[in-house]
Amino acid sequence: MEVYELISPCHFGMEAVLKREIYDLGYDIVKVEDGRVTFAGDAEAVCRANIHLRTTERVLLKVGEFHAETFDDLFEAVKSLPWENYLPEDARFWVTKASSVKSRLFSPTDIQSIVKKAIVERLKGFYGVSWFEETGSSYPIRVFLNKDEVTVSLDTSGDSLHKRGYRTQTGKAPITETLAAAMILLTPWKRERILVDPFCGSGTIPIEAAMIAADIAPGMNRTFLAQTWANLIPQHLWMDATEEAQDMVDLSFEAHIQGYDIDGDIIRVARENARRAGVDSLIHFQQRPVSGLNHPKKYGFVITNPPYGERLEEKEALPALYREIGQAFERLDCWSEYLISSYEDTERCIGKKADKKRKIYNGTLRTTLYQYLGPKPPKSGMRTV
């Protein structure tokens, strides 16, 4: 099978987590850049990456890469790419997104128009027609310019991969499924350890943790645009990848995953989302304020996305709320706490400096992941004082 370069975008700051995921799937990394990881893989890899990767937004199949400083450069370089190897004569294709960073070409609409024209000219010559009906499968194209270096790719995923299919309702400030999974994978949490989210909202962090613990592939129950690309990816590869994911599922363990929220209505939403994800038996949801956060056992994890106070009326309540968070942390002996927030006084109000901090972009919002690292539990058989 032909080997492609596949590009996986992710949240800025979580590239190392995605890189490890790709390695664990068995693929070689080609390049790591801000907000994206490129790896080598064949048609089977397209299927497996879409189904298994938890922290990427989509899987892009790179068609070409080149330098362009003018629109003439762009047109000629795009036209020179072997589009006939990717697009059948009846393909419905368009440039769904063009983005530019520190490049001479910066107008998205102009870039989109010129790339489309260049592809049409290339295919006219190959197929010997002057008009394309575009009645077949969809092949959305993405163009990314960075310092005049242009990357052109096909989007194999369609809807963003954060859309697992289980979350039909959300709270006021939801965290994406991909970012929630990345936060969890950044920690040393394992399924035999306790995990509590005291601001669980619609349940995203506990649900993603339960899916990780049970080896439930995030894309197992959804579809992908490239499933209709019979010219590139045989249908049996999708079936094989789905079967592989189904065989990996393991629900036969005792889970210690809990989600709390002060809002009883959103707790009901979280339970329903967990049911749709197939992990409702693994999570205990309860209406409870953060002031009631306590646990008799040691060596657990708090992983949470508390309110940031993006609205003025909410911001006034943040100092008191974050003091409550700090007081709750003090009660959790030997626990590790991971908290993501854009609130600039997080550490001061919690009353403790984080052991580690990581800058992460939650969409366009710059946030910080505050990491308070607890001790490792003693090895089995060792005495504890």
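Residue indices begin at 1 and follow the sequence shown. Both backbone and side-chain heavy atoms feed into the values below; hydrogens, waters and symmetry mates do not.
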Just verifying a value: how many Å separate [X] [atom1] and [Y] [atom2], rounded to the nearest 0.5 Å?
{"X": "Met248", "Y": "Glu243", "atom1": "CE", "atom2": "CD", "value": "14.0 Å"}
{"X": "Asp247", "Y": "Asp215", "atom1": "CG", "atom2": "CG", "value": "11.5 Å"}
{"X": "Ile7", "Y": "Thr38", "atom1": "CD1", "atom2": "OG1", "value": "4.5 Å"}
{"X": "Asn146", "Y": "Glu65", "atom1": "CG", "atom2": "CD", "value": "10.0 Å"}
{"X": "Leu81", "Y": "Ile119", "atom1": "CG", "atom2": "CD1", "value": "8.0 Å"}
{"X": "Asp73", "Y": "Leu105", "atom1": "CG", "atom2": "CG", "value": "7.5 Å"}

Please report the shortest heavy-atom distance between [X] and [Y], naming the atom on each side.
{"X": "Leu53", "Y": "Arg164", "answer": "O-NH1, 4.4 Å"}
{"X": "Ile51", "Y": "Thr242", "answer": "CD1-OG1, 3.7 Å"}
{"X": "Ala274", "Y": "Ile283", "answer": "CB-CD1, 4.3 Å"}
{"X": "Asp355", "Y": "Leu373", "answer": "OD2-N, 2.7 Å"}
{"X": "Val129", "Y": "Glu89", "answer": "CG1-OE2, 3.5 Å"}
{"X": "His52", "Y": "Glu21", "answer": "O-OE2, 3.8 Å"}

State plainly whether the residues [X] and [Y] are in salt-bridge range, i.e. N to O under 4.0 Å.
{"X": "Lys147", "Y": "Glu69", "value": "no"}
{"X": "Arg275", "Y": "Glu272", "value": "yes"}
{"X": "Glu347", "Y": "Lys352", "value": "no"}

Identify the residue among Phe301, Phe329, Trp335, Tyr260 that makes a ring pair (Phe, Tyr, Trp, His ring centres under 6.0 Å) with His295.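 Among Phe301, Phe329, Trp335, Tyr260, the one meeting ring pair (Phe, Tyr, Trp, His ring centres under 6.0 Å) with His295 is Trp335.
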
Ignoring hydrogens and angles, write down the donor-acceptor pairs under 3.5 Å from the side chains of residues 222-232, residues two or more places apart or on other chains.
| from | atom 1 | to | atom 2 | distance (Å) |
| --- | --- | --- | --- | --- |
| Arg222 | NH1 | Asp159 | O | 3.4 |
| Arg222 | NH1 | Ser160 | O | 2.9 |
| Arg222 | NH1 | Lys163 | O | 3.2 |
| Arg222 | NH2 | Ser157 | O | 3.3 |
| Arg222 | NH2 | Asp159 | O | 3.0 |
| Gln227 | OE1 | Phe224 | N | 2.6 |
| Thr228 | OG1 | Ser137 | OG | 3.4 |
| Thr228 | OG1 | Leu225 | O | 3.0 |
| Trp229 | NE1 | Ser138 | O | 2.8 |
| Asn231 | OD1 | Tyr139 | OH | 2.6 |
| Asn231 | ND2 | Tyr86 | O | 2.9 |

Any side-chain donor-acceptor pair under 3.5 Å between [X] and [Y]?
{"X": "Thr70", "Y": "Asp72", "value": "no"}
{"X": "Arg366", "Y": "Ser342", "value": "no"}
{"X": "Tyr27", "Y": "Arg48", "value": "yes"}
{"X": "His284", "Y": "Gln258", "value": "no"}
{"X": "Asp110", "Y": "Ser113", "value": "no"}
{"X": "Asp197", "Y": "Thr304", "value": "yes"}
{"X": "His11", "Y": "Thr55", "value": "no"}
{"X": "Lys359", "Y": "Thr368", "value": "yes"}
{"X": "Thr156", "Y": "Arg58", "value": "no"}

Is there a path from Phe144 to Tyr4 through hydrophobic residues (I, L, V, M, F, W, Y) whose side chains come within less than 4.5 Å of each other?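 Phe144 and Tyr4: separate clusters.
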
Same apolar cluster: Val46 and Ile22, side chain cutoff 4.5 Å: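 Val46 clusters together with Ile22.
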
Which residues pass the salt bridge (Lys or Arg N to Asp or Glu O under 4.0 Å) test with [X], sequence neighbours left out?
{"X": "Glu5", "result": "Lys62"}
{"X": "Asp148", "result": "Arg104"}
{"X": "Arg122", "result": "Glu84"}
{"X": "Glu134", "result": "Lys116"}

Apply side-chain hydrogen bond (donor to acceptor under 3.5 Å, both in side chains) to residues Arg142 and Thr96 and explain how you reach the verdict. CA-CA 6 Å; Arg142 290 182 171 249; Thr96 184; 4.8 Å; no

Pi-cation contact, Tyr299 with Arg193 (under 6.0 Å, within 45°):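 No, a cation-pi geometry is absent between Arg193 and Tyr299.
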
Side-chain donor/acceptor pairs under 3.5 Å, residues 317-328, sequence neighbours excluded:
| from | atom 1 | to | atom 2 | distance (Å) |
| --- | --- | --- | --- | --- |
| Tyr322 | OH | Pro307 | O | 2.7 |
| Tyr322 | OH | Ser341 | OG | 2.8 |

